[in-house]
*Asks:* 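Please find one structure pasted underneath; my questions will follow.
Below, chains carry the letters A, B, ... as their sequence lines are ordered, and counting in each starts from 1. Hydrogens, waters and symmetry mates are skipped; everything else that's a heavy atom, side chains included, is used.
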2 protein chains.
Amino acid sequence: MEKIFSSDFVYVVNPGGYIGRTTAYELGRVHERGMAVYYAEPPKDIPIEVPAGTVLTARELADGIVCGTSRIKAIRRPRVAALPTADIVIFTIRDWRLHVLLIKRGTEPYRGKLALPGGFIRPGESLEDTAKRELAEETGLDSSSIPLQQIHTYSHPERDPRGRIITTAFLAIAPNLPEVMGATDAHRADWVEVEDSLWLNNDRLAFDHGEILQQALGRARRLLEHTTIAADFCGKVFTIAELRKVYEAVWGIPINPPNFQRKVRGTKGFLIDTGKKKTGQPGRPAELFRRGPARILYPPMMRSE
Amino acid sequence: MEKIFSSDFVYVVNPGGYIGRTTAYELGRVHERGMAVYYAEPPKDIPIEVPAGTVLTARELADGIVCGTSRIKAIRRPRVAALPTADIVIFTIRDWRLHVLLIKRGTEPYRGKLALPGGFIRPGESLEDTAKRELAEETGLDSSSIPLQQIHTYSHPERDPRGRIITTAFLAIAPNLPEVMGATDAHRADWVEVEDSLWLNNDRLAFDHGEILQQALGRARRLLEHTTIAADFCGKVFTIAELRKVYEAVWGIPINPPNFQRKVRGTKGFLIDTGKKKTGQPGRPAELFRRGPARILYPPMMRSE
DNA sequence: AGAATAGTGTCTGTTAGACACTATTAT
DNA sequence: ATAATAGTGTCTAACAGACACTATTCT
């Protein structure tokens, strides 16, 4: 089968139009990969579509290959079918530190290792649909309230030992949730603090998920610069100090509180004052805000280069 | 076949282990999609792998579905195999206007319409490899000198009438080239000026390539803001005015020349003075520069919001 | 000489960054 | 009262944007 799949095309020698059971099975697989198939005679006992020009003698085929005559121009290079998956990098802030949701794999390969939640695309779904569904299934989070953003597609031929599986990574930002987790699936989902050891130590994460996580983190950091997405980490109402701590957790650097205050208050549409205040801790009570309509932060929030 | 593919799993009723030719063909296709398959009896006359727990009676199967007992836990949700492709949005500047490379499709579907260059992934390739190869094949451009950047993956189930084909779009920037085009393929490749009519008029571009082009343009515009990629549009040596015209062409707005001059000269590592000057036109001769090592533009180039 | 293009000087308003300072609470 | 946290005032340096001006070529 591997030899067949690595060929440029398939030529079926079927005297009398007869095709064996095994050949029929192989043809099904070949067909599904979109490879070019030619027949010595029209197949009689299987309902296969035979496009014009694909039934020809070996002589004609050879000529077509050598001369590239117009009759055989349909010889296509081999294609590879792949199983698309969607993996989700969902960040949140717990104890003012950045966390990512990871599951412990219950099956081979990489059984017992940590992995990003995700799964295979299903009939009629786009990858965005898949990501939303998996997020809901594996975390119990209401996916409609958490916007997903496509990051990157990973397609290295050996990235998954099970075969040709390409994955598209999505980024999501969640507010700090009260321990809702591990909803439907048997494997445990849990928040893990984001730190270098997650990807520097190759043993902890399955597949190429270390690389994916790293790139997603870079994207998230850049998003904070020129969008108002940081508010997604917070609850419905939040103080400016809470918002600042989001930036500090994601960027990993301290931010000057007075200047931060002026920056976000001065950006029209970022914050809407609720008029309420937050008490219960020492210090002057902080004003509480909700998200404004602005999504783009202009001019951007600078982080010292 | 469509009904089969949209099912959750396949149950093969094969008395005596006998499987017909047509069924064998269909099983090949089903197998290639990675769907779950169960058998009433072990298949005898086809070399199909039958994992443990997939041969069971209809009664057992029904129980497994209803109760979710451990024996049947292997029922997987249906997966969908897809044919991945890479499409390339390659921009250049001609006559100080932004152009994109498009090919005229020579085959159905969308025969005669304009489309982005691209093609199917091949065995052993990553999508990045595919994009590089297709760029070289379809344009004759030396792909090693033109960096490709992944933009987005398009996976809507009906985006391609031929079936489940998902495409990953890549962005490339080329200097103005002396008409090297349409290298190997029969269909013509040509530079087309980028303007709204390309995507507003749905008839001109094939598939969802209008949407892809639009998103790639947005990405390119944003890249000019905070990277030095604009120099990729220019030749090996260029003047500051040429660089400014790149920004004007991509952003579609005029830029104040003196301020632009100061901005790029003041960004360390952006430009390296060659000491030479450009003559042959009226006006003070312009200094010629080559690209510096800097890739990030900090602080970013602002475009009035 | 005059047109055309390249590049500099200079002014203004805005903003980031630093930090001193005021405001308001819990204990 | 003291500690703690929120928020304001103010200064400086850098920078964007505007535009007058100088520099150097071609025709």
*Asks:* State which of D:dC19, C:dG7, C:dA18 makes the closest approach to the side chain of A:N259.
*Replies:* C:dA18

*Asks:* For atom CZ of B:R219, is the number of surrounding heavy atoms from other residues, nucleotides or ligands below 6.0 Å larger than 12?
*Replies:* yes

*Asks:* Rounding to a whole Å, what distance do you find between A:L297:CG and C:dT15:P?
*Replies:* 12 Å

*Asks:* Among the nucleotides C:dG7, C:dA18, D:dG7, which one has an atom lying closest to any side-chain atom of B:R265?
*Replies:* C:dG7

*Asks:* For residues 278-289 of chain B, pull every pair meeting salt bridge (Lys or Arg N to Asp or Glu O under 4.0 Å), keeping only residues two or more places apart or in separate chains.
*Replies:* B:E242-B:K278, B:R265-B:E287

*Asks:* From the list D:dT8, C:dT24, C:dA6, which nucleotide is the closest neighbour of the side chain of A:R284?
*Replies:* C:dT24

*Asks:* Thinking salt bridges, do A:E128 and A:K132 make one under a 4.0 Å N-O criterion?
*Replies:* no

*Asks:* Tell me whether the side-chain N or O atoms of A:N256 pair up with the base of C:dA16 as donor and acceptor below 3.5 Å, since no angle test is needed here.
*Replies:* no

*Asks:* What is the distance, rounded to the nearest whole Å, between atom CE of A:M301 and atom C1' of C:dT15?
*Replies:* 13 Å

*Asks:* Choose from D:dG17, D:dA6, C:dA18 the nucleotide whose nearest atom is closest to any side-chain atom of B:M302.
*Replies:* D:dG17

*Asks:* Send over the distance from A:Q281 CD to D:dA4 P, rounded to a whole Å.
*Replies:* 13 Å

*Asks:* Nearest whole angstrom, please: distance from the C1' of D:dG17 to the CZ of B:F260.
*Replies:* 15 Å

*Asks:* Could you label the plane-to-plane angle of the B:F260 and B:Y247 rings as parallel, tilted or perpendicular, counting under 30° as parallel and over 60° as perpendicular?
*Replies:* perpendicular

*Asks:* Counting heavy atoms from C-beta on, name the nucleotide in D:dG7, D:dA4, C:dT8 closest to the side chain of B:P258.
*Replies:* C:dT8

*Asks:* Under 4.0 Å between any heavy atoms, over every strand shown, what does A:P285 touch: base, sugar-phosphate, or nothing? Just pick one.
*Replies:* sugar-phosphate

*Asks:* Here's a test for you: under side chain to side chain contact (heavy atoms under 4.5 Å, CB included), which of A:D190, A:L198, A:I90, A:T92 qualifies with A:V100?
*Replies:* A:L198

*Asks:* Does the Lys NZ or Arg CZ of A:R221 fall within the cation-pi geometry relative to A:W251 - under 6.0 Å from the ring centre and within 45° of the axis?
*Replies:* no

*Asks:* Expressed in angstrom and rounded to an integer, what is the separation of A:F289 atom CZ from D:dA6 atom C1'?
*Replies:* 10 Å

*Asks:* Taking A:D232 first and then A:R291, would you say they form a salt bridge - that is, a charged N and a carboxylate O separated by under 4.0 Å?
*Replies:* yes

*Asks:* So which one's nearest nucleotide on DNA chain C is more toward 5', B:L288 or B:G283?
*Replies:* B:G283

*Asks:* Taking atom types as they are modelled, would you say the side chain of A:R262 forms a donor-acceptor pair with the base of D:dG9 within the 3.5 Å cutoff?
*Replies:* yes

*Asks:* Given D:dA16, D:dA6, C:dG7, identify the nucleotide with an atom nearest to the side chain of B:K263.
*Replies:* D:dA16

*Asks:* How close or far is atom C1' of D:dC19 from atom CD1 of B:I255, stated in whole angstroms?
*Replies:* 17 Å

*Asks:* Expressed in angstrom and rounded to an integer, what is the separation of B:Q261 atom CD from D:dT22 atom P?
*Replies:* 18 Å

*Asks:* Roughly how many Å is it from CG in A:D273 to C1' in D:dG7, rounded to a whole number?
*Replies:* 13 Å

*Asks:* Which parts of residues 227-251 of chain B get close to DNA chain D, meaning a heavy atom less than 4.0 angstrom away?
*Replies:* none

*Asks:* Are A:Y154 and A:H152 close enough that their ring centres sit under 6.0 Å apart?
*Replies:* yes

